[in-house]
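Reminder, nothing fancy here: chain letters follow the sequence lines and each chain counts from 1. It should be emphasised that the depicted structure is a prediction, and the values quoted were computed from it without experimental measurement.
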There are 2 protein chains.
Amino acid sequence: MHKTLGTFAKYLKAQKLKFTKERGAVLQEMFLHRGHLEAEDLLYSLRRKKKGASRATVYRTLELLMDSGIVRKVDLGHGHSHYELVLDHPHHEHMVCVNCGKVLEFSDKKIEMALKRLCKKSRFEHTSHHFQVFGYCDKCRRTKTQEE
Amino acid sequence: MHKTLGTFAKYLKAQKLKFTKERGAVLQEMFLHRGHLEAEDLLYSLRRKKKGASRATVYRTLELLMDSGIVRKVDLGHGHSHYELVLDHPHHEHMVCVNCGKVLEFSDKKIEMALKRLCKKSRFEHTSHHFQVFGYCDKCRRTKTQEE
DNA sequence: CCTGTAATTGAGATTGAATCTCAATCTCGA
DNA sequence: TCGAGATTGAGATTCAATCTCAATTACAGG
Ligand SMILES: [Mn+2]
Ligand SMILES: [Mn+2]
Ligand SMILES: [Zn+2]
Ligand SMILES: [Zn+2]
């Protein structure tokens with residue numbers, strides 16, 4: 001946390017922005033929960049602790065955290081965004097259980113290589129990508145099989 | 001178109017649903033434009049031709065077309081859905097130019113195989129996936145390079 | 001060709017995520 | 001300590017998508 005806090009402070013200073021208790025609280029809350037968080041989760045979590053930050057401020061702070069490379073936006077196919085800490089957590093993709101919502105993370109050199117090759121072939125300059133896999137996690141798969 | 005029209009008619013009959021001029025018009029419009037369409041595009045396109053169908057009906061018809069396997073929903077990372085005809089157009093992924101919006105389609109056996117292997121390893125039962133690649137198409141890449 | 005009934009439609013209300021507005025408040029460097 | 005300029009929050013707004021429900025329509029059976 002402390003290293004990241006420093007990163008954020010430095011980023012804010014460089015942009016002539018201010019470090020406020022609301023911004024600090026949002027970052028702290030991201031650390032507290034880890035995982036893949038919705039903005040709304042952060043909002044209510046903060047409210048419960050009386051460390052309120054308005055909805056607008058939560059979204060604005062997430063934007064800043066993304067700009068400073070501390071947080072990334074994740075698309076889990078729910079029709080709204082989730083956010084996760086970058087930390088030393090390198091680029092990866094997500095498998096989402098359509099039954100219980102569980103999220104598995106994965107990354108694969110072969111896929112990355114194949115994608116690179118395909119982009120070259122199409123003369124497409126790749127800057128980023130999202131890869132969401134949907135299905136049933138181990139637990140839900142077993143339950144489902146028994147019911148049939 | 002005619003084969004697909006038959007598929008749709010058959011599907012509707014099997015579900016005890018009715019074939020209406022609005023539903024016919026939406027399907028016809030999908031054929032007219034091909035490509036990756038937004039619901040809103042369909043809506044205005046139909047209005048211009050006085051073949052009106054309300055917003056609600058357009059969305060409801062797209063739902064039926066998906067259920068009958070004629071159309072699939074596409075996520076191009078725009079925060080709202082696009083739709084495309086399935087036809088004999090097999091499963092594929094999309095590259096989206098962040099500058100001009102151009103969409104390139106691709107599919108890759110190696111990626112499919114790697115994904116299959118990863119799911120097996122995680123005991124995850126794969127049912128579907130979305131893969132969006134963002135970057136610059138050939139044309140925009142050239143323009144961008146010259147400007148720098 | 002009729003008719004009755006169940007499905008369909010459309011105008012407009014509603015939802016939910018995300019963004020915007022702007023007056024009041026706060027931060028931080030000098 | 002002070003003031004310029006950044007920030008905040010309540011509530012309005014946007015936009016895609018869905019819902020509501022009274023009026024309309026399709027179509028199976030006669
Ligand atoms: Mn993740
Ligand atoms: Mn496509
Ligand atoms: Zn599960
Ligand atoms: Zn382009």
For a quick check of understanding: with a heavy-atom distance under 4.0 Å over all strands, which category does K13(A) fall into, base, sugar-phosphate or nothing?
sugar-phosphate
Can you tell if the side chain of L65(A) reaches within under 4.5 Å of the side chain of Y83(A), non-hydrogen atoms only?
no
Measure from CG on L37(A) to P on dA18(C) and round the result to the nearest Å.
13 Å
Between dG16(C) (P) and H78(A) (NE2): distance, integer Å
16 Å
Let me know, please, whether Y83(B) or K16(A) comes out on the 5' side of the other along DNA chain D by nearest nucleotide.
K16(A)
Hey, does the side chain of R47(B) reach the backbone of A53(B) with a donor-acceptor pair shorter than 3.5 angstrom?
no
Please report the distance, rounded to the nearest Å, between CG in D41(A) and P in dG16(C).
15 Å
Can K49(A) and E29(A) be counted as an ion pair, charged N to O under 4.0 angstrom?
yes
For E105(B) and H89(B), does a side-chain donor sit closer than 3.5 Å to a side-chain acceptor?
yes
May I have the distance from L64(B) (atom CG) to dT9(C) (atom C1'), rounded to whole angstrom?
13 Å
Y44(A) OH to dG16(C) P, straight-line distance once rounded to whole Å:
10 Å
Distance check needed: dA6(C) P versus K18(B) NZ, whole Å only.
10 Å
If we ignore hydrogens and angles and just use 3.5 Å, is the side chain of R34(A) paired with the main-chain N or O of F31(A) as donor and acceptor?
yes
Tell me which of T61(B) and L17(A) sits closer to the 5' end of DNA chain C, going by the nucleotide each one is nearest to.
T61(B)
Measure from NE2 on H82(A) to C1' on dG16(C) and round the result to the nearest Å.
14 Å
Have a look at the helix from dC1(C)-dG30(D) to dA30(C)-dT1(D) and give the angle its two end axes make, five pairs each, rounded to 10 degrees.
30°
Measuring only between side-chain heavy atoms, which start at C-beta, is F106(A) closer than 4.5 Å to H92(A)?
no
Counting the atoms with a prime plus P, OP1 and OP2 as sugar-phosphate, which does R60(A) contact under 4.0 Å by heavy atoms, base, sugar-phosphate, or nothing?
base
Within this structure, what is the CD-to-C1' distance between E63(A) and dA18(C), rounded to whole angstrom?
10 Å
Evaluate the criterion salt bridge (Lys or Arg N to Asp or Glu O under 4.0 Å) for residue pair R55(B) and E40(B); output intermediate values, then yes/no.
CA-CA 8 Å; R55(B) 173 170 288 108; E40(B) 221 69 0; 2.5 Å; yes
Are there over 12 heavy-atom neighbours, none belonging to M113(B), within less than 6.0 Å of that residue's CE?
no
If you count every heavy atom of other residues, nucleotides or ligands that lies below 6.0 Å from R123(B) atom CZ, does the total exceed 12?
no
Could you give the start and end, 5' to 3', of the contact zone on DNA chain D for chain B, using atoms under 4.0 Å from its heavy atoms?
dA16(D) to dC27(D)
Side-chain N or O of S81(A) closer than 4.0 Å to phosphate OP1/OP2 of dA18(C):
yes
